[in-house]
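Worksheet for the structure shown next.
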Amino acid sequence: MPEREIEFLIIGGGDAGFSAARTLREEGADGSVLVVSRDPDPPYDRTAVSKGYLGGEKSKAEVLLGGEDWFKENNVELLVRTSAMKLDTEAHTVTLSNKDVIRYGKLLLATGSNVRRLRVDGGDLEGIHYLRALGNADHIRDDAKDNVVLIGGSYIATEVAATLTSMGRKCSLVMLEDVTLERTFGKTAGGFFQKALTDHGVEIHAGEELERFEGEGRVSAVVTKSGKTIPADAVVVGVGVTPDVSLAKKAGLDIGEKGGVLTDAKLATSAVDVFAAGDIAEYDSVVHQKRLRIEHWDVAENQGKTAARSMMGSDEPHDVVPYFFSDLSDWTWMEYVGPAYDWTEEIVRGSVEEGKFTVWYLDGDRLAGALAVDRSDDLERARELLKSREAVDRKELAG
Ligand SMILES: Cc1cc2nc3c(=O)[nH]c(=O)nc-3n(C[C@H](O)[C@H](O)[C@H](O)COP(=O)(O)OP(=O)(O)OC[C@H]3O[C@@H](n4cnc5c(N)ncnc54)[C@H](O)[C@@H]3O)c2cc1C
């Protein structure tokens, strides 16, 4: 069996994997670096998949991380359409789908997430789409010509509804929630985004549970448990993701309560010389003083950096405050630091009606998160408060 030695092996060609490779080179690692990805494409900005790339404003070349020649220019090897099949942490080897066996010095697992699939009648009909990769966006763009139904009330469904509406499609959104995005951001902020959607013609079916899809061969309608039938020429489902920990689990790495690969504060896993970053990492957050697993682009990027430094011998913990952003076409956008999860109180600064506001989420007297629309500067203060964990001054927050 062929066996190769690689100093830094990275499994996963997403934001976390790419950021780790780039950091290794930028910060002086001169050993061999290999990135293995089962994607057909080189690493790209996944956040563009539901926004500019789906909308056709950005080409594939424009969303590639680092640009087209980054790997060649930085002497980093990239294997696409290749899966890591087996990890042997004792032998320090990874077996790939092309049968190569790689002996690593340090290993980073950055295998990201898989979309959650719906198991309902009609779920296999043509015209039902899920969205994770560039190829999915290509199919949706070609296939979703007229009435499109989005399933889900979170950021994937709302972003796709906005993008497709801007492209002239008629979009309806079916969700369990009363208000879009309310689970993560509450009803005040969620209501603002819902209004932006309905103002642009998106039809919202709130508090509705999906019963089945109807159609012959191809989907023609979405039926809810309350008995609503919504015509559909295509459907896009955005009902969450699960971390892809299959490789880590088979190798016997510790898995946490949130389903991720357990790491310490510097992103080291339970196996010697093996690190994890991005959607799969369930890490000890020194900022929040608890275990977190977060599915945000910026977190993947920053954890990639921390993991690279840890692989190079640093003892510094990952201490970046998690940041998230979302755009609804060119109608509005938001930025958020947190994550708050549970909060006891919301304080609003600015004007929700005018689309220039910040929602501060408090847990008791402490800040748990903040969401800003057109008020980015407030997030700096939010970061300070999240890091210091000091009691907030409510008058200051209200502005
Ligand atoms: C459509 C869409 C829009 C988004 N928009 C936003 C946004 O606006 N803001 C935001 O903060 N976040 C957004 N996110 C979330 C964000 O993109 C993710 O949190 C981030 O991409 C996670 O990065 P990652 O590197 O951990 O995983 P991923 O980007 O999922 O990359 C994982 C990589 O691992 C590879 N892989 C998996 N298993 C194997 C294996 N066994 N062998 C080889 N390769 C393997 C995969 O092929 C992939 O290349 C969005 C996500 C999607 C899908």
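For ligands, and for the atoms within them, numbers begin at 1 and follow the listed sequence.
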Shortest protein contact, [atom] (heavy atom only):
{"atom": "atom 7 (C) of ligand 1", "answer": "Phe325 O, 3.3 Å"}
{"atom": "atom 31 (O) of ligand 1", "answer": "Gly14 CA, 3.3 Å"}
{"atom": "atom 18 (C) of ligand 1", "answer": "Asp279 OD1, 3.6 Å"}
{"atom": "atom 27 (O) of ligand 1", "answer": "Gly112 CA, 3.1 Å"}

[X]-ligand 1 polar pair, N/O distance under 3.5 Å:
{"X": "Tyr323", "result": "no"}
{"X": "Ser83", "result": "no"}
{"X": "Ser326", "result": "no"}

Which bit of [X] gets closer than 4.0 Å to ligand 1, counting heavy atoms only: side chain, backbone, both or neither?
{"X": "Val299", "result": "neither"}
{"X": "Thr82", "result": "backbone"}
{"X": "Val241", "result": "neither"}

Q. Which one of Phe324, Phe193, Phe185 satisfies the ring pair (Phe, Tyr, Trp, His ring centres under 6.0 Å) criterion with Tyr155?
A. Phe324

Check whether any heavy atom of [X] sits under 4.0 Å from an atom of ligand 1.
{"X": "Phe18", "result": "no"}
{"X": "Asp45", "result": "no"}
{"X": "Glu159", "result": "yes"}
{"X": "Leu247", "result": "no"}

Q. Is a side-chain donor or acceptor of Asp143 paired with a backbone partner of His139 at a separation under 3.5 angstrom?
A. no

**Q.** Side chain to side chain, Ile6 and Val94, heavy atoms closer than 4.5 Å
**A.** no

Q.
Is any side-chain heavy atom of Arg132 closer than 4.5 Å to one of Val241?
A. yes

Q. Who gets closest to atom 29 (O) of ligand 1 by heavy atom: Lys51, Arg46, Glu295?
A. Arg46

Q. Among Ala84, Ala110, Gly12, which residue places a heavy atom closest to atom 42 (N) of ligand 1?
A. Ala84

Q. Is Arg46 positioned over the aromatic face of Tyr53, cation under 6.0 angstrom from the ring centre and no more than 45 degrees off axis?
A. no

Q. Cut-off 3.5 Å, side chains only: do Ser326 and Glu159 have a donor facing an acceptor?
A. yes

Q) Of Glu209, His205, Glu208, Glu211, which meets side-chain hydrogen bond (donor to acceptor under 3.5 Å, both in side chains) against Ser226? A) Glu208

Q | Matching residue for Pro339 among Leu292, Thr184, Val299 - test: side chain to side chain contact (heavy atoms under 4.5 Å, CB included) | A | Leu292

